[in-house]
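The basis for the numbers below is simple: all heavy atoms, side chains too, and nothing from hydrogens, waters or symmetry mates.
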Amino acid sequence: MSGAKGQIHDLGYKRYVGTRRPPSTRWRVIARHQISFAWKTWWRFKAALGIAIIATCITSGLMLFASERSTSVGLAQAIVKPLIDSALPESIIWFCRAGFLVSLTIGAGVVASDVQSGAFTFYFARSVKPFHYVAGKLVGLCALLAIIVFAGPMVISGLRVGIADSPEQLIEMLPYLGKTAIIGAVATLAYAAVPLGFSALLHNRRHALALWAAYYLIFGEMMHALGRASDSSGWIAAIDIPHAVQALAYDLYDIKFRAQRDANIPVEAAVVALAAHVVLAIAIVLHRVRAAQRAGIGGGA
Amino acid sequence: MSVVAADRCSKWYGHVLGVSDVTWNLQGGIVGLLGPNGAGKSTLIKMMAGLLRPSRGTLSVFGASPFADVGVRRRIGYAPEHESTWDELTARELVTVMARLAGVPADRAPTAAERAIAEMGMTDAIDRRVKGFSKGMRQRTKLATAIAHDPDFLLLDEPLTGVDPVARVDIVDRIKKLAEAGKTIVISSHVLYEIEALTSEIVVIYRGQVLAEGNVYEIRKLIDRHPHRIRVECDQPRALASVLAAEDHVARIIFERAGVLIETRDPDRCYDQLAAAVLDKGITVSSLSSPDNNLGAVFEYLTGDGRR
């Protein structure tokens, strides 16, 4: 491990000569570290990436090889569309599931595991402010989630535009890309920020993961069921994140329903619910990290 | 300008007192922060590192508040007591990230990390994961993370805890080398001989308060109400004791297996009389030592005072 005892005397101490980056750039280091750390093992990110790739391939395959087959979107209550047009809106929920998987393996444990492991001391003993930390973690998570819930749908919508029958149809289909970008960006932000907020609520990684999973799988599903049963016109159901994202997708891809669906979520409700989730989550994580930093939490043995 | 200037600095954790009313100026060199577990050493170190804000009073490092001023933290290198951080990274990756977090540009950070790892004698393990490291290797890696950005002021919280004796000697040697390079180092420990191997400048902290600071020998002189102890290993302990027992400066004589332990309030006179007695009675002395020159004795006296 160590060399001869005299080695260090021969080596001497060499001072660092060079510039230093200003503290305002620390978020980039934290974001980059977040990404490289996620990439380290198979189970942390690559498994979800595999699911997203499979979802992309299956959806693309359906569009290419079963394009004329008709399907009905949304429990047979939507206007029947050929698979070439309905495959992408339907696949959004698959990408959401892959995004949820990433939130379980990384997102919902980020702050809690840093507190638990004492990494806070490493960050805040250096020229890092709580804002830099939160921004870095959020950007890092967004970059990872974008590979899952943004890139996949964008590839599919690019394919949809690419296989247009004529140049006129191609031009007509171009807004499809923008719509997909909006859905992908919203889903990315939701699946990055909300789990991050949960990770800051508790100082134990496992507890934070359990709380997020319970909120997403149980509470969200309960709200969706309650929305179906009540006369709230889908506003309560919009609390369920995956259904809110899908409602946004249905609206943007112009999937019209024949009748009032059970728990048919209006696009306004979906947008408000997702925005509220994201804003609240970022506010929570900022507040909790500032409080933890002030209290010196994470420095204990 | 002082490296550290603390003025009536206190820190509470709710109702629990961490550090109380500490006034302290540190100019440079290696200073040992001594105290038993829970004395407030880590709290004081965290305040100097900018991790904690004083509840009352002020604490500045290089003239700025390390908690409020992120800029001054670039000049500080902190090796915390705990070590369970990002075990899946290699030593190179870990130290590189830490250097970057401290402001070293991306293109220079790998070189800075390699240099810091080499300084700590870890080049052979540079591309191994921290997960598989021994305690000593983890301590070295932690020290490398603290020095990678070339700070002027190093805060080392219990850096020798759990390290085997051979590695301890090596790490002590490397810390001394950093001090020789002009760095100011505060090193905490509750193991006295660890500090003794590094420096004679100490700050003794107990129950959140500074009990003493300065050179260990000067501190010893200040404790004049405590008798100075002289251990004499000789062939005629009873003869020696009979000569010294009548002297008013001798507080107590304890017979030990191979000699006597004399407690005196006037060490100079006692040493003179010891020499005279040895010559007069023809006593053969095999060993003469003073346990009070050991840091442990000073610490024992001072914390003993604190407990009373």
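- Looking at A:T41, the atoms closer than 4.5 Å to chain B (heavy atoms on both sides) all sit in the side chain, from C-beta outward.
- For the residue pair B:D157 and B:S42, a side-chain donor N or O sits within less than 3.5 Å of a side-chain acceptor on the partner.
- In this structure, chain A has no heavy atom under 4.5 Å from any part of B:T111.
- A:F37 carries A:R44 over the face of its six-membered ring, with the cationic atom under 6.0 Å from the centre and within 45° of the normal.
- Side-chain contact check for A:S103 and A:W212: at least one donor-acceptor pair (N or O, by modelled atom type) lies under 3.5 Å.
- With a 4.5 Å cut-off on non-hydrogen atoms, A:R28 does not touch chain B at all.
- Heavy-atom distances place no part of B:E158 under 4.5 Å from chain A, backbone and side chain included.
- Heavy-atom distances place no part of B:A148 under 4.5 Å from chain A, backbone and side chain included.
- Side chains of A:H132 and A:S127: a donor-acceptor N/O pair is absent below 3.5 angstrom, by distance only.
- Counting only N and O atoms by type, the side chains of B:T43 and B:Y13 include a donor and acceptor under 3.5 Å apart.
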